[in-house]
Amino acid sequence: MHETPKDMRTRKKTQPISSADIEALYNASVTDKVERYSITVPKSWSELTDEQLHYVYTLLAMGWMGDTLQTYCLMRWAGMEVVQRRSARYWLVRHEGKLLQIDLDNLADSIETMAWLGEAPDTPVRIGTVDGHEAVDAQLHGLSFGDYIRLENYYQGYLLSKNDKAVAAMAEILYPGIEGKKMEPYLAYNIIHWMVSLKTLFAQLWPDFFRPASASADGTPPDMRAVMVAEIRALTGGDVTKNSTVLATDTWDALTELNEKAREAREFNEKMKK
């Protein structure tokens with residue numbers, strides 16, 4: 001299995017497998033070596049630890065996806081270390097200090113339990129601490145609306161340009177004190193996955209406000225600055241003296257109010273069409 005340089009520096013050394021042990025396993029029939037081991041692996045994104053998230057995002061940054069990603073994660077999290085690939089069907093692995101022979105057909109069945117790695121996170125998840133800098137709340141509780149507006153602006157900018165600078169700017173909001181310009185590839189995947197899961201959650205909580213923004217007739221994307229100004233005006237009622245108060249408001253409170261205003265506007269328009 002692939003390991004990052006950091007992993008290789010910190011991984012504990014294990015006792016070497018003797019040639020006699022390998023030879024004994026080679027000569028034994030599969031039926032002679034049938035042993036059942038119960039392994040426990042995460043079943044969703046929300047169960048992953050910081051270390052496990054780091055591993056997933058490192059593999060994604062290296063281009064690993066699909067069955068390959070799922071296999072690496074399954075082996076790693078099950079505590080299985082590949083000692084030798086005996087054939088196209090059998091591998092020798094070390095698990096809990098024992099040398100085992102595993103059937104890749106059975107492994108393929110187990111990989112199906114990791115299919116969720118190919119889907120968007122089912123709830124906002126993120127690495128909690130990066131280089132000593134703690135992340136804000138996973139669901140953005142406690143984040144000011146002003147910071148949320150900046151975050152949304154950078155996110156929309158990234159979707160349009162795929163510019164890494166936008167992701168670096170998001171990192172500085174989500175991990176106060178971190179230097180975005182020094183951001184490693186795994187962290188970029190962490191940020192984008194976090195934002196995708198947040199948008200999914202917010203669309204469920206506030207469906208009237210988080211309706212897809214419409215492009216203009218010529219296909220030009222919406223002006224995000226105009227959108228943000230409109231949001232602030234909706235919360236201040238056009239009173240600019242309230243701007244600072246609105247920007248300091250908790251994100252969830254602001255979005256709840258904006259959703260209510262959007263709902264009222266939708267219901268009014270529906271009545272006018274009757």
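Excluded from the calculations below are hydrogen atoms, water molecules and symmetry mates; all remaining heavy atoms, backbone and side chain alike, are included.
- Without hydrogens or angle criteria, Ser161 side chain to Gly157 main chain gives a donor-acceptor distance under 3.5 Å.
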Salt bridge (Lys or Arg N to Asp or Glu O under 4.0 Å) between Lys199 and Glu152, worked out: CA-CA 10 Å; Lys199 298 293 283 189; Glu152 178 70 8; 2.7 Å; yes
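- Ring geometry for Trp77 against Tyr55 counts as perpendicular: the plane angle is over 60°, on a 0 to 90° scale with 30° as the lower cut.
- Looking at Glu267 and Lys271, no side-chain N of the basic residue comes within less than 4.0 Å of a carboxylate O on the acidic one, giving no salt bridge.
- Within the 4.5 Å cutoff, side-chain heavy atoms of Pro42 are placed close to those of Trp116.
- Gln52 places a side-chain N or O within donor-acceptor distance of the main-chain N or O of Thr49, the cut-off being under 3.5 Å.
- Shortest non-hydrogen contact noted between Ala254 and Thr249 is N-CG2, 4.1 Å.
- Shortest non-hydrogen contact noted between Gly128 and Tyr175 is O-CE2, 4.2 Å.
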Stepwise side chain to side chain contact (heavy atoms under 4.5 Å, CB included) check, Asp250 with Leu143: CA-CA 6 Å; Asp250 182 87; Leu143 186 73; over 6 Å; no
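- The minimum heavy-atom distance between Ala61 and Tyr186, with the atom names listed, is CB-N, 4.1 Å.
- Here the side chains of Met183 and Val167 are in contact, with some heavy-atom distance below 4.5 Å.
- Taking the six-membered ring where the residue is Trp, Tyr57 and Trp45 present parallel rings, their angle staying beneath 30° rather than reaching 60°.
- Between the side chain of Thr251 and the backbone N or O of Ser144, at least one donor-acceptor pair lies under 3.5 Å.
- Scanning both residues, Pro124 and Ser197, for their nearest heavy atoms gives CA-OG, 3.1 Å.
- Side chain of Asn259 to backbone of Asp208: a donor-acceptor contact under 3.5 angstrom is found.
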Audit row: Thr256, Phe209, side chain to side chain contact (heavy atoms under 4.5 Å, CB included) steps and yes/no: CA-CA 9 Å; Thr256 298; Phe209 179 66; over 6 Å; no
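- When side chains are defined from C-beta on, Val246 does not count as touching Asn243, because their heavy atoms never get closer than 4.5 Å.
- Contact between Trp252 and Gln139 at its shortest, heavy atoms only, is NE1-O, 2.7 Å.
- Of the residues Leu159, Ile191, Ile173, the one that meets the side chain to side chain contact (heavy atoms under 4.5 Å, CB included) test with Tyr154 is Ile173.
- For the residue pair Tyr148 and Asn153, no side-chain donor N or O sits within less than 3.5 Å of a side-chain acceptor on the partner.
- When side chains are defined from C-beta on, Leu151 counts as touching Leu140, because their heavy atoms get closer than 4.5 Å.
- Between the side chain of Arg126 and the backbone N or O of Val136 there is at least one donor-acceptor pair closer than 3.5 Å.
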From CA spacing to verdict: side chain to side chain contact (heavy atoms under 4.5 Å, CB included), Trp206, Arg263: CA-CA 9 Å; Trp206 301 297; Arg263 180 186 60 78; over 6 Å; no
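- Other residues, nucleotides and ligands place more than 12 heavy atoms under 6.0 Å from the CD atom of Glu119.
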Chi angles and distances behind the side chain to side chain contact (heavy atoms under 4.5 Å, CB included) call for Thr71, Met114: CA-CA 8 Å; Thr71 300; Met114 309 294 288; over 6 Å; no
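- Put simply, the side chain of Ile192 reaches to within 4.5 Å of the side chain of Met170, judged on heavy atoms.
- Counting heavy atoms from C-beta on, the side chains of Tyr158 and Asn163 never come closer than 4.5 Å.
- No donor-acceptor pair under 3.5 Å is formed between the side chain of Asp50 and the backbone N or O of Ile127.
- Contact between Ile178 and Ala171 at its shortest, heavy atoms only, is CG2-O, 3.4 Å.
- Judged by distance alone, with hydrogens and angles left aside, the side-chain atoms of Glu47 form a donor-acceptor pair with the main-chain N or O of Lys43 at under 3.5 Å.
- In Glu134, the CD atom is not crowded: 12 or fewer heavy atoms of neighbouring residues, nucleotides or ligands sit closer than 6.0 Å.
- Classification of the Phe202-Phe210 ring pair by plane angle, with boundaries at 30° and 60°, yields tilted.
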